[in-house]
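Before any comments, here is the structure.
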Amino acid sequence: MDYRYHCDIPAQDGLNALPFNPCRLLGLNLLRLGAGRSWSGESGDREILAVVLGGTATFTVGGHKFADVGGRADVFSGKPHSVYIPAGSSVTVEAATPVEIALPSAPSDLDVEPYVIEPARVAAGRWGAANFGRTYHQILTEISQPDLPARRLIVGETYTPSGNWSTYPPHRHAFDNLPGEAQHEEMYYFRTKPGDGFGISRVYTDEGYEENYTARDHAVQMMPSGYHTVVSAPGYTTYYLWFLAGTQRTQGATEDADLAWVGRTVPMLRDLGL
């Protein structure tokens with residue numbers, strides 16, 4: 001079996017790392033702390049966006065202290081709080097409550113101060129329509145937060161309802177050919193509601209590689225290349241934290257030409273209230 005593009009990230013107390021990673025730029029750690037516990041580390045030559053999945057914690061980044069960051073109970077309970085951690089920073093996280101924090105990262109040479117992204121700064125909306133409609137949070141993008149500095153990271157969240165499809169029509173971002181397509185690696189970190197649920201994540205390339213992966217809690221789909229799409233099993237909502245990194249932060253994608261016609265039906269479907 002080929003495990004190039006997917007794995008489960010451990011979800012133990014403390015800092016959890018991916019067991020392997022085919023991406024050249026993107027990385028992911030998952031930090032879980034009980035109330036009153038703390039963790040300290042260094043960002044090294046990488047920028048990190050600490051997305052609080054659930055709970056509350058105090059962050060000390062270099063000489064900056066951000067108290068009581070977070071508050072939602074879990075990823076299905078509202079918009080997130082996040083902390084941007086620049087490269088070259090020392091980091092300490094102190095849990096006020098049990099807390100779970102995703103730590104997507106990418107190489108950076110950007111010299112900026114750390115900052116907090118409050119829920120009010122997180123853009124929300126709906127993509128698609130009908131049974132490929134889904135809702136999103138844009139946490140750190142050049143589109144919704146152009147005033148917030150980052151070197152490479154683009155980060156958001158998507159919620160796919162029962163039986164619906166996301167990232168549909170499937171798209172890729174394999175080549176720098178703006179304004180149409182931009183080269184970016186991407187990862188999805190999954191959670192489901194209820195927690196025993198699942199979705200299916202499909203990745204395939206123009207060269208003929210294909211995999212269909214059962215996406216359960218703490219699954220990670222890693223996409224150094226390829227078209228990708230996700231579907232939720234009936235009865236379950238699928239969440240994924242998505243994050244991208246490339247040579248630049250301008251987003252652009254090319255849809256699978258055989259399926260692109262589906263996207264062109266969105267205005268008509270929305271006019272019908274779907």
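Just so you know, these numbers use all the heavy atoms, side chains as well, and skip hydrogens, waters and symmetry mates.
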- Task: Check step by step if side chain to side chain contact (heavy atoms under 4.5 Å, CB included) holds for I139 and L49.
- Result: CA-CA 10 Å; I139 303 170; L49 189 69; 3.9 Å; yes
- Message: Could you check whether R134 makes a cation-pi contact with F132, meaning its NZ or CZ is under 6.0 Å from the centre of the six-membered ring and within 45° of the ring axis?
- Response: no
Between the main-chain N or O of [Y] and the side-chain N or O of [X], is there a donor-acceptor pair closer than 3.5 Å?
X: E42; Y: G44; value: no
X: R270; Y: G128; value: yes
X: K193; Y: T237; value: no
X: E185; Y: L26; value: yes
X: H228; Y: G226; value: yes
X: R46; Y: L25; value: yes
X: T60; Y: V93; value: no
X: S105; Y: I48; value: no
X: S144; Y: T141; value: no
X: S232; Y: G199; value: no

- Query: Taking it one step at a time, do Q251 and E142 satisfy side-chain hydrogen bond (donor to acceptor under 3.5 Å, both in side chains)?
  - Reply: CA-CA 8 Å; Q251 295 185 68; E142 87 287 1; 3.2 Å; yes
- Query: In this structure, which one of F76, Y159, W242 forms a ring-ring contact (aromatic ring centres under 6.0 Å, His included) with H137?
  - Reply: Y159
If we only count heavy atoms from C-beta on, is the [X] to [Y] side-chain gap below 4.5 Å?
X: R32; Y: Q12; answer: no
X: V116; Y: Y84; answer: no
X: L28; Y: V220; answer: yes
X: V122; Y: Q138; answer: no
X: D206; Y: R172; answer: yes
X: T167; Y: Y240; answer: yes
X: I85; Y: P114; answer: no
X: E181; Y: H171; answer: no

Where do [X] and [Y] come nearest, in terms of heavy atoms and distance?
X: A95; Y: A57; value: CA-CB, 4.1 Å
X: C7; Y: P19; value: SG-CD, 3.8 Å
X: N21; Y: G27; value: ND2-CA, 3.9 Å

- Message: Is it the case that atom CG in D196 sees more than 12 heavy atoms from other parts of the structure closer than 6.0 Å?
- Response: yes
- Task: Return yes when atom CZ of F175 has more than 12 non-hydrogen atoms of other residues, nucleotides or ligands closer than 6.0 Å, and no otherwise.
- Result: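 Counting neighbours around CZ of F175, 12 or fewer heavy atoms of other residues, nucleotides or ligands fall under 6.0 Å, so no.
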- Message: For residues 251-268, which residue pairs pass the salt bridge (Lys or Arg N to Asp or Glu O under 4.0 Å) check, not counting sequence neighbours?
- Response: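 Counting only pairs at least two positions apart or across chains, no salt bridge (Lys or Arg N to Asp or Glu O under 4.0 Å) contact touches residues 251-268.
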- Task: Any salt bridge (Lys or Arg N to Asp or Glu O under 4.0 Å) involving residues 214-237? Give me the pairs, sequence neighbours left out, ordered by first then second residue.
- Result: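 Only R191-D217 qualify under salt bridge (Lys or Arg N to Asp or Glu O under 4.0 Å).
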- Message: For V51 and H81: C-alpha separation, side-chain torsions, deciding distance, then whether side chain to side chain contact (heavy atoms under 4.5 Å, CB included) applies.
- Response: CA-CA 6 Å; V51 181; H81 288 75; over 6 Å; no
- Item | Distance (rounded to the nearest 0.5 Å) between L140 CG and L244 CG |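 With rounding to 0.5 Å, CG (L140) is 11.0 Å from CG (L244).
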- Task: Starting from the C-alpha separation in whole Å, work towards a yes-or-no answer on side chain to side chain contact (heavy atoms under 4.5 Å, CB included) for F59 and V52.
- Result: CA-CA 11 Å; F59 290 75; V52 181; 4.3 Å; yes
Determine, for [X] against [Y], whether the closest basic-nitrogen to carboxylate-oxygen distance falls under 4.0 angstrom.
X: D147; Y: R121; answer: yes
X: E94; Y: R37; answer: no
X: R72; Y: E100; answer: no
X: R152; Y: E47; answer: no

- Task: Kindly write out the residues that satisfy ring pair (Phe, Tyr, Trp, His ring centres under 6.0 Å) with Y236, not counting sequence neighbours, or none if the list is empty.
- Result: none
- Between D45 and S108, a side-chain donor and acceptor under 3.5 Å: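 There is no such pair (donor and acceptor under 3.5 Å, judged by atom type) between the side chains of D45 and S108.
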- Are T135 and T158 close enough, and set up right, to give a side chain to side chain contact (heavy atoms under 4.5 Å, CB included), and what steps lead you there? CA-CA 6 Å; T135 57; T158 293; over 6 Å; no
Under a single-linkage definition using a 4.5 Å side-chain heavy-atom cutoff for Ile, Leu, Val, Met, Phe, Trp and Tyr, are [X] and [Y] assigned to the same hydrophobic cluster?
X: I101; Y: I9; value: no
X: L53; Y: L31; value: no
X: L110; Y: Y115; value: yes
X: V231; Y: Y168; value: yes

- Task: Before giving the answer on side-chain hydrogen bond (donor to acceptor under 3.5 Å, both in side chains), spell out for H173 and Q183 the whole-Å C-alpha distance, their side-chain angles and the decisive distance to 0.1 Å.
- Result: CA-CA 5 Å; H173 18 81; Q183 190 280 323; over 6 Å; no
- Evaluate the ring pair (Phe, Tyr, Trp, His ring centres under 6.0 Å) criterion for residues Y188 and F243: first the C-alpha distance (whole Å), next the side-chain angles of each, then the deciding distance (0.1 Å), finally the verdict. CA-CA 7 Å; Y188 291 167; F243 44 102; 8.7 Å; no
- Message: Tell me if the aromatic rings of Y209 and Y5 count as close, with their centers under 6.0 Å from one another.
- Response: yes
- Task: Assign the ring pair H6 / Y213 to parallel, tilted or perpendicular, where the plane angle (0 to 90°) is split at 30° and 60°.
- Result: parallel
- Task: Would you please test N212 and S201 for side-chain hydrogen bond (donor to acceptor under 3.5 Å, both in side chains) and show each step?
- Result: CA-CA 6 Å; N212 296 279; S201 180; over 6 Å; no
- Query: Which is it for T92 and S40 under the side-chain hydrogen bond (donor to acceptor under 3.5 Å, both in side chains) test, yes or no, and what are the steps along the way?
  - Reply: CA-CA 4 Å; T92 297; S40 294; 2.9 Å; yes
